[in-house]
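To start, the structure itself, in structure tokens.
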Amino acid sequence: MHLSALMDEAFFARPPDLVASELLGARLLVNGCGGVIVETEAYGPDDEASHSFKGPTKKNAAMFGPPGTVYIYLSYGRHWCLNFVCTPGSAVLIRALQPCEGFGLMSARRSMSDARVLCRGPGNLCQALGVTIELNGLLATSPPFSLHARQDETVVVSGPRIGISKARDRPWRFGVLNSSYVSRPFRRS
DNA sequence: CCGAAGATCTGCT
DNA sequence: GCAGATCTTCGGC
């Protein structure tokens with residue numbers, strides 16, 4: 001059994017929907033806390049729902065950084081959300097993890113210990129992993145981040161993205177089939 | 001300069 | 001199922 005491959009810049013330098021689906025099953029750690037990615041969403045450059053749609057601003061500058069850049073923003077004034085940049089102006093939002101490392105610390109940060117809920121949803125996930133704006137603009141391929149490609153076969157399902165008002169028809173939310181750690185169930189077609 | 005809009009989450013009905 | 005919390009950035013005037 002070999003060690004799983006670390007992800008590199010080339011992995012991210014591709015269309016966001018492809019990267020979003022391939023990140024499922026990968027292991028994401030921040031300072032040793034984290035788990036297996038089970039839910040993601042893709043946001044493209046020509047995508048009305050994307051923060052990058054109207055071009056670079058102070059807030060979204062990281063979205064135009066090199067592939068693999070970490071883009072973090074504050075949602076509704078309370079929740080941090082974690083993204084990885086793909087091609088310029090595109091990114092993948094990490095929406096849920098299946099916890100596997102640093103369970104005690106994550107539980108303390110979240111003041112709860114239900115594994116199903118610990119890293120469910122982009123805001124909860126960032127709270128559990130200690131992700132804040134301080135990590136914005138760093139590279140996902142270097143500490144404190146650690147990303148390992150998946151080793152097992154992962155069956156991917158997709159559906160409409162959550163919480164957006166524009167471009168609702170794009171099926172750019174991706175999840176691991178039958179995972180009980182996703183933020184909301186995927187409806188079968 | 002001020003107003004509105006969020007890639008959310010929790011608690012209450 | 002729905003409303004409220006909470007705050008920064010952006011865009012219009």
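Labels below follow one simple rule: chain letters A, B, ... track the order of the sequence lines, proteins then strands, and each chain is numbered from 1.
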(request) Would you mind telling me which residue lines up with the more 5' stretch of DNA chain B, A/G77 or A/L125, judged by nearest nucleotide? (result) A/G77
(request) Remember a base hit wins even if backbone is also touched, and classify A/M63 as base, sugar-phosphate or nothing at under 4.0 Å, heavy atoms. (result) base
(request) Compute whether any side-chain donor of one residue and acceptor of the other, for A/S183 and A/R95, lie under 3.5 angstrom apart. (result) yes
(message) Is there aromatic stacking of A/Y76 on C/dA5 here, judged by a ring-centre distance under 5.5 Å and a plane angle under 30°?
(response) no
(message) I need the CG-P distance between A/L74 and C/dA5, as an integer number of Å.
(response) 17 Å
(request) Using a cut-off of strictly less than 4.0 Å, decide whether A/R95 has a side-chain nitrogen or oxygen near OP1 or OP2 of B/dT8. (result) yes
Any protein N or O atoms within reach of nucleotides 10-13 of chain C? Criterion: under 3.5 Å, listing atom names and distances.
from: C/dC10; atom 1: OP1; to: A/T57; atom 2: OG1; distance (Å): 2.5
from: C/dC10; atom 1: OP1; to: A/K58; atom 2: N; distance (Å): 3.0
from: C/dC10; atom 1: OP1; to: A/K59; atom 2: N; distance (Å): 2.9

(message) Does any part of the side chain of A/V38, heavy atoms only, come nearer than 4.5 Å to the side chain of A/F174, both counted from C-beta?
(response) no
(request) Report the distance from atom CZ of A/R184 to atom P of B/dA7, rounded to the nearest whole Å. (result) 15 Å
(message) Does the structure place the NZ or CZ of A/R14 under 6.0 Å from the centre of the six-membered ring of A/F12, at an angle of no more than 45° from the ring's axis?
(response) no
(request) Using the P atom on both, measure B/dA7 against C/dG1 and round to a whole Å. (result) 22 Å
(request) Look at all strands and tell whether A/R110 reaches a base, only sugar-phosphate, or nothing, counting heavy atoms closer than 4.0 Å. (result) sugar-phosphate
(request) Let me know the distance between NE2 of A/H51 and C1' of B/dA5, rounded to the nearest Å. (result) 10 Å
(message) For B/dA7, does the base pair up with any side-chain atom of A/R161 as donor and acceptor (N or O, under 3.5 Å, distance only)?
(response) no
(request) Examine the base of B/dA7 for any acceptor or donor lying under 3.5 Å from a partner atom in the side chain of A/Y73, and report the outcome as yes or no. (result) yes
(message) If a pair means Watson-Crick or G-U wobble with both distances below 3.5 Å, what does DNA chain B look like in dot-bracket form, with | marking bases paired to a different strand?
(response) ||||||.|||||.
(message) At 4.0 Å (heavy atoms only), tell me whether A/L93 reaches a base, stays on the sugar-phosphate, or touches nothing.
(response) base
(request) Could you tell me which residues satisfy side chain to side chain donor-acceptor pair (under 3.5 Å) with A/R109, sequence neighbours excluded, listed by chain and number? (result) none
(message) Just the rounded figure in Å: distance from P of C/dT9 to CD1 of A/I72.
(response) 15 Å
(request) Among the candidates B/dG6, B/dC9, B/dA7, find the nucleotide nearest to the side-chain atoms of A/N124. (result) B/dC9
(request) Determine whether the aromatic ring centres of A/H51 and A/Y43 lie less than 6.0 Å apart. (result) no
(message) If I take atom CZ in residue A/R173 and atom C1' in nucleotide B/dT8, what distance separates them, rounded to the nearest angstrom?
(response) 14 Å
(request) Using a strict 4.0 Å threshold on nitrogen-to-oxygen distance, state whether A/R27 and A/E101 make a salt bridge. (result) yes
(message) Looking only at the side chain of A/H79 (C-beta and beyond, no hydrogens), which of the listed nucleotides B/dA7, C/dT6, B/dT8 gets closest?
(response) B/dT8
(request) Can you tell me, in whole Å, how much space there is between the P of B/dC2 and that of C/dT6? (result) 22 Å
